[in-house]
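The block underneath contains the structure these notes are about, expressed in structure tokens.
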Amino acid sequence: MKALLLENIHPDAVRPLEDAGLEVVQRRSALGERDLAAAMSGVALLGIRSKTQVTDAVLAGAPNLLAVGAFCIGTDQIDLAAASARGVAVFNAPYSNTRSVVELTLAEIIALTRRLTEKDQAMHAGRWDKSATGAHEVRGRTLGIVGYGNIGAQLSVVSEALGMRVVFYDTADKLALGNARRCVSMDELLEVSDVVSLHVDGRPSNSSLFGEKEFSRMRQGALFLNLCRGFVIDHEALRHHLVSGHLAGAAVDVFPEEPRSAGEEFVSVLRGLPNVILTPHIGGSTEEAQADIGAFVGAKLADFVTDGATPLSVNMPQLALPPASGSHRLAHVHRNIPGVMAEMNSVLAAHGVNVEAQLLGTRGDLGYALTDIGVDYPEDAVDQLRALSPTVRLRVLS
Ligand SMILES: NC(=O)c1ccc[n+]([C@@H]2O[C@H](COP(=O)([O-])OP(=O)(O)OC[C@H]3O[C@@H](n4cnc5c(N)ncnc54)[C@H](O)[C@@H]3O)[C@@H](O)[C@H]2O)c1
């Protein structure tokens, strides 16, 4: 079986795939739709990052494809519905760069609170200004975290270790970690926070979540950070509140429109403002995160190939059976309709095949069953299972 890894995926991805018996082919660049379709012949696993589009047409021309690994966080570049319809599992790395984002956020909170970039720029311009005016400690200040998911919760724990008070607001029920206090509304959070940091996800309803009204409710002299998604804030409104002196500073890592390549100019109304840190969407970009993503997604793909395991898959029902010795495993992707398991087990029983372990999971229109059977089974039984009308894909794993 062949694994094709595009977009210069970290070498830590290769070992688990080779250990699972795959021949790994690596390419540095992304491929356009036509070139990708041509390259898919005989490919069982495809690894991509954010630039390669895995379209319905690419999937249609890749009958051997078992799974796609997105060696990044987002999976917008993959037609998930088309992948699911073909029983192609999709995996990503939801946690691998969480810590990297948290560390950049903390660094920026301290840098903004001390007005560090201004001091740095003055020194590079030959100006020696030792004044303490406007420079503060973060200890004792209140950090308001909007979105208490993987990143928000981790930020909560680490910033408390620096002596900050933490409040948070999340639309979902979340366990408050450490001494963090949950706010019942975003307004409550804005009223009490010296620093507001956004860490919500990219659901469409979060578009323009933070605009004139929300900035106006922030405390005089407060700091604002956005390292989640560009479209959640109104940059004109943020500029207005910085220029007026209502807000003391801001750090922004994500933008509604970002340059597609290094040569393209970065255009923003936030450019040139004092005590505003602008970074080119690098919250998660560390060598540690890249290595972790490589190893994490590589292992997920390898486990799926060898054991049929799908925990943390983006599109498949999530299940795993412990690796079985002395048996074969049937990995059966099927349409989620009544009676499939009964049909399947009748076929096995009619051929005298004993079921040693079995697990079923469903997700939307898709069902997935792992069934361990003895090593001696008639091929005819497998042919009949493949021919069942709800069957999307059947693999026999040894
Ligand atoms: N800057 C970067 O390089 C970088 C890197 C990684 C992740 N991110 C972004 O950071 C964000 C957070 O990532 P995560 O892994 O913590 O996601 P997550 O899904 O674990 O957490 C998001 C949280 O936001 C909450 N939420 C959603 N909408 C909300 C709203 N309107 N008000 C309050 N809470 C709301 C959700 O309930 C959830 O708890 C995502 O948007 C992700 O794309 C950016």
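Just so you know, ligand 1 is whichever comes first in the structure, and atom 1 is the first atom listed for that ligand.
The contact set between ligand 1 and Val101, taken as ligand atoms under 4.0 Å from a residue heavy atom, comprises 4 (C), 5 (C), 6 (C). If you number the atoms of ligand 1 from 1 as listed, the ones under 4.0 Å from a heavy atom of Gly283 come out as 1 (N), 2 (C), 3 (O). Listed by number with element, the atoms of ligand 1 under 4.0 Å from a non-hydrogen atom of Asn206 are 27 (C), 28 (N), 29 (C), 30 (C), 31 (N). Residue contact check: Cys228 has heavy atoms under 4.0 Å from atoms 9 (C), 10 (O), 11 (C), 41 (O), 44 (C) of ligand 1.
A 6.0 Å sphere centred on CG of Asp365 holds no more than 12 heavy atoms belonging to other residues, nucleotides or ligands.
Among all non-hydrogen protein atoms, the one lying nearest atom 20 (O) of ligand 1 is Asn150 N, 2.9 Å. Of all protein heavy atoms, the one closest to atom 1 (N) of ligand 1 is Asp253 OD2, 2.8 Å. Protein heavy atom closest to atom 3 (O) of ligand 1, with residue, atom name and distance, is Gly284 N, 3.0 Å.
In this structure, the separation between CD1 on Ile110 and CD on Glu137 is 10.5 Å, given to the nearest 0.5 Å.
Under the 30°/60° scheme for interplanar angles, the aromatic rings of Phe168 and Tyr148 are found to lie parallel. Taking the six-membered ring for Trp and thresholds of 30 and 60 degrees, Phe296 and Tyr95 have ring planes more than 60 degrees apart, a perpendicular arrangement.
Here the shortest heavy-atom distance to atom 14 (P) of ligand 1, taken over Ile151, Ile73, Leu104, belongs to Ile151. Here the shortest heavy-atom distance to atom 39 (O) of ligand 1, taken over Thr171, Ile282, Leu227, Asp170, belongs to Asp170. Closest heavy-atom approach to atom 12 (C) of ligand 1 among the candidates Arg229, His199, Arg203: His199.
Residue Thr98 does not touch ligand 1, judged by heavy-atom distances below 4.0 Å. Both the backbone and the side chain of Tyr169 come within contact range of ligand 1, each with a heavy atom under 4.0 Å.
For the pair Asn97 and ligand 1, the shortest N or O to N or O distance does not fall below 3.5 Å. For ligand 1, none of its N or O atoms has an N or O atom of Val254 under 3.5 Å away.
At a distance under 4.0 Å, no protein heavy atom can be found next to atom 17 (O) of ligand 1.
Ligand 1 has at least one atom lying under 4.0 Å from a heavy atom of Lys174.
Residues Thr52 and Glu7 bring a donor and an acceptor atom of their side chains to less than 3.5 Å of each other. With no hydrogens or angles considered, no side-chain donor-acceptor pair links Glu287 and His10 at under 3.5 Å.
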Would Asp253 and Thr279 count as a side chain to side chain donor-acceptor pair (under 3.5 Å) here? Give the steps.
CA-CA 5 Å; Asp253 184 49; Thr279 45; 2.7 Å; yes

Worked verdict on Phe266 versus Phe255 for ring pair (Phe, Tyr, Trp, His ring centres under 6.0 Å)
CA-CA 10 Å; Phe266 164 64; Phe255 302 87; 4.8 Å; yes

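With hydrogens and angles ignored, the 3.5 Å screen pairs no side-chain donor or acceptor of Gln26 with any backbone N or O of Leu5.
Ion pairing between a basic and an acidic side chain is recognised when a charged N comes within 4.0 Å of a carboxylate O; Glu379 and Arg386 show no such pairing.
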